[in-house]
**Student:** 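Okay, here's the structure, questions in a sec.
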Amino acid sequence: MAVLVIADHDNASLKDSTHKTVTAALALSSDVDILVAGSGAKAVAEAAGKIAGVRKVLLAESDALGQGLAEAVTAVVVPLMSGYDAVLTPATSQGKNFSPRIAAKLDVAQISEIVEVVDASTFVRPIYAGNALETVQSSDAKKVITVRATAFKAAGEGGSASVESTGAGDGAPKTKFVDQQLVKSARPELAGAKIVVSGGRAMGSAEEFQRVIDPLADKLGAAIGASRAAVDAGYAPNDYQVGQTGKVVAPELYVAIGISGAIQHLAGMKDSKIIVAINKDADAPIFQVADFGLVSDYKTAVPELMDALAAA
Ligand code: FAD
């Protein structure tokens with residue numbers, strides 16, 4: 001069985017979610033290749049070749065691929081699939097954009113957000129906002145799979161796979177790239193951060209959110225997250241949202257401040273290694289998943305925490 005992993009990258013660097021997707025791919029087969037579709041992405045392809053267990057790296061380059069247009073990625077992958085039995089990609093916004101197109105072109109069902117590989121055709125995936133795990137078996141000849149990267153350990157380094165150029169397809173003739181606006185931040189990226197500090201509706205305003213959450217995140221070197229209530233109220237930007245309709249994170253440490261722990265929020269963070277919750281309501285559901293829970297007003301608890309960190 002030959003498996004293709006579509007790399008997650010920004011043309012300059014390879015994202016850790018690729019390493020995690022390689023781990024999922026290696027559970028399917030030892031014949032794993034990586035496709036880097038981009039523009040000026042040779043360094044990314046070389047980095048992909050260093051992932052342990054990878055057989056070879058295919059590099060496809062064009063402007064449309066560099067812009068991440070889903071139609072262009074699909075046009076590269078579909079012809080390649082004559083040589084592969086499965087294609088895996090991290091379940092990022094990008095992956096969720098092109099993966100269904102690839103599945104449709106191959107006339108197979110997409111298998112979404114797997115968290116475990118049982119065997120070559122059987123996979124486990126969360127449903128109902130992560131409240132149940134479903135085991136699905138696919139009889140399709142070609143498997144098109146998105147991977148919840150947080151559920152897999154990153155494959156290590158140490159590989160020496162060769163990089164080969166491959167066709168860039170015919171681009172995206174019906175789609176025109178207009179513009180993209182990227183948020184620039186010195187903080188770690190939320191989806192891959194080792195520590196996340198999140199604030200909820202309790203913050204009450206954008207100013208209070210920044211006053212309380214930002215310094216703690218800076219002190220811990222953490223990414224910032226938020227509940228949907230905090231995002232909807234305008235206390236935090238959209239891309240901070242953690243949960244069913246936001247980002248799924250599984251950091252070493254997740255600190256939830258003034259967040260009740262609704263199931264839709266838990267769906268995005270309950271796999272964190274250590275969960276710390278600060279909430280003044282002892283019955284808040286967040287305490288059911290917290291490893292360390294502090295029943296306290298955040299206005300007292302957070303300054304005390306900052307003092308303790310400063311003294312440490
Ligand atoms: P609340 O539920 O209002 O909780 C605020 C908490 O702060 C309370 O527990 C309160 O005790 C505590 N608090 C108040 N004051 C203080 C204080 N001074 N000190 C300490 N604690 C205090 N939500 C998400 O987060 N992410 C999602 O992706 C998401 N997707 C959704 C999708 C759907 C289809 C639906 C229907 C809902 C979704 N939600 C999502 C919304 C979710 O149901 C909750 O409404 C939301 O998570 C609540 O946010 P919160 O915990 O900040 O607010």
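Indexing begins at 1, ligand by ligand and atom by atom, following the structure's order.
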**Student:** Give the numbers and elements of all ligand 1 atoms closer than 4.0 Å to a heavy atom of A229.
**Tutor:**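 Taking each heavy atom of A229 in turn, ligand 1 has 48 (C), 49 (O), 50 (P), 52 (O), 53 (O) under 4.0 Å.
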**Student:** For atom 45 (O) of ligand 1, what is the nearest protein heavy atom, given as residue, atom name and distance?
**Tutor:**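 Minimum-distance protein heavy atom for atom 45 (O) of ligand 1 reads R201 NH2, 4.4 Å.
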**Student:** Counting non-hydrogen protein atoms only, what is the nearest one to atom 34 (C) of ligand 1? Give residue, atom name and distance.
**Tutor:** R228 NH1, 4.3 Å
**Student:** Within the 4.0 Å heavy-atom shell around G246, which atoms of ligand 1 are there?
**Tutor:**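 Counting atoms of ligand 1 from 1, those under 4.0 Å from G246 are 28 (O).
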**Student:** Which of the listed options, A262, A267, G225, A284, holds the heavy atom that is closest to atom 46 (C) of ligand 1?
**Tutor:** A262
**Student:** Nearest to atom 50 (P) of ligand 1, what protein heavy atom do you find, and at what distance?
**Tutor:** S227 OG, 3.5 Å
**Student:** To the nearest 0.1 Å, how far is atom 27 (C) of ligand 1 from its closest protein heavy atom, and which atom is that?
**Tutor:** Q241 NE2, 3.3 Å
**Student:** Judged on heavy-atom distance to atom 43 (O) of ligand 1, which of H265, K280, Q244, Q264 sits nearest?
**Tutor:** Q264
**Student:** Which hydrophobic side chains are connected to Y128, either touching it within the sub-4.5 Å cutoff or through other members that do?
**Tutor:**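 In the cluster with Y128 are I127.
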**Student:** Which protein non-hydrogen atom lies closest to atom 2 (O) of ligand 1, naming both residue and atom, and how far is it?
**Tutor:**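 Result for atom 2 (O) of ligand 1: S260 OG, 2.7 Å.
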**Student:** Please confirm whether the backbone N or O of V242 pairs with a side-chain atom of H265, one donor and one acceptor, at under 3.5 Å?
**Tutor:** yes
**Student:** Looking at atom 8 (C) of ligand 1, what's its closest protein heavy atom, distance included?
**Tutor:**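 In this structure, atom 8 (C) of ligand 1 has N279 ND2, 3.7 Å as its nearest protein heavy atom.
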**Student:** Determine whether a donor-acceptor pair (N or O, by modelled atom type, separation under 3.5 Å) exists between the side chain of D10 and the backbone of S13.
**Tutor:**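 Looks like yes, one N/O pair under 3.5 Å.
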**Student:** Among protein heavy atoms, which lies nearest atom 26 (N) of ligand 1, and at what distance?
**Tutor:** V242 O, 2.8 Å
**Student:** Would one find more than 12 heavy atoms of other residues, nucleotides or ligands at under 6.0 Å from atom NZ of K142?
**Tutor:**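 Enclosed: over 12 neighbouring heavy atoms sit under 6.0 Å from NZ of K142.
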**Student:** Under a plain distance cut-off of 3.5 Å, with no hydrogens placed, do S17 and D8 share a side-chain donor-acceptor pair?
**Tutor:**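 Short answer, yes.
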**Student:** Less than 4.0 Å is my threshold; does some heavy atom of S296 fall inside it relative to ligand 1?
**Tutor:**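 Yes, that is the case, since the closest heavy atom of the residue is under 4.0 Å from the ligand.
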**Student:** Give the numbers and elements of all ligand 1 atoms closer than 4.0 Å to a heavy atom of G258.
**Tutor:** 5 (C), 6 (C), 7 (O), 21 (N), 52 (O)
**Student:** Under 3.5 Å, is there a donor-acceptor pair between the Q110 and S112 side chains?
**Tutor:** yes
**Student:** Quick test: of every protein heavy atom, which one is nearest to atom 30 (N) of ligand 1, and how far off is it to 0.1 Å?
**Tutor:** T245 OG1, 2.6 Å
**Student:** Do side-chain atoms of D33 reach the backbone of L4 as a donor and acceptor pair under 3.5 angstrom?
**Tutor:**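 Not confirmed, D33 side chain does not pair with L4 backbone.
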**Student:** Between the side chains of E113 and T146, is a donor N or O closer than 3.5 angstrom to an acceptor N or O?
**Tutor:** no
**Student:** For the side chain of T23 and the backbone of A155, is there at least one donor-acceptor N/O pair under 3.5 Å apart?
**Tutor:**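 A pair under 3.5 Å: yes.
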**Student:** For residues 291-299, dump all side-chain donor-acceptor pairs below 3.5 Å to protein atoms at least two apart in sequence or in another chain.
**Tutor:**
from: D291; atom 1: OD2; to: I275; atom 2: N; distance (Å): 2.7
from: D297; atom 1: OD1; to: K299; atom 2: N; distance (Å): 2.8
from: Y298; atom 1: OH; to: E208; atom 2: OE2; distance (Å): 2.7

**Student:** Would you check the N or O atoms of D297, main chain and side chain alike, for any that come under 3.5 Å of an N or O of ligand 1?
**Tutor:** yes
**Student:** With V73 as reference, evaluate T89, N97, L65 under the side-chain contact (heavy atoms from CB on, under 4.5 Å) test and give the passing residue.
**Tutor:** L65
**Student:** For ligand 1, which atoms sit closer than 4.0 Å to a heavy atom of A202?
**Tutor:**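 Once the distances to A202 are compared, the set is 7 (O), 13 (N), 14 (C), 15 (N), 16 (C), 22 (C).
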**Student:** Against heavy atoms of G200, which atoms of ligand 1 measure under 4.0 Å?
**Tutor:** 52 (O)
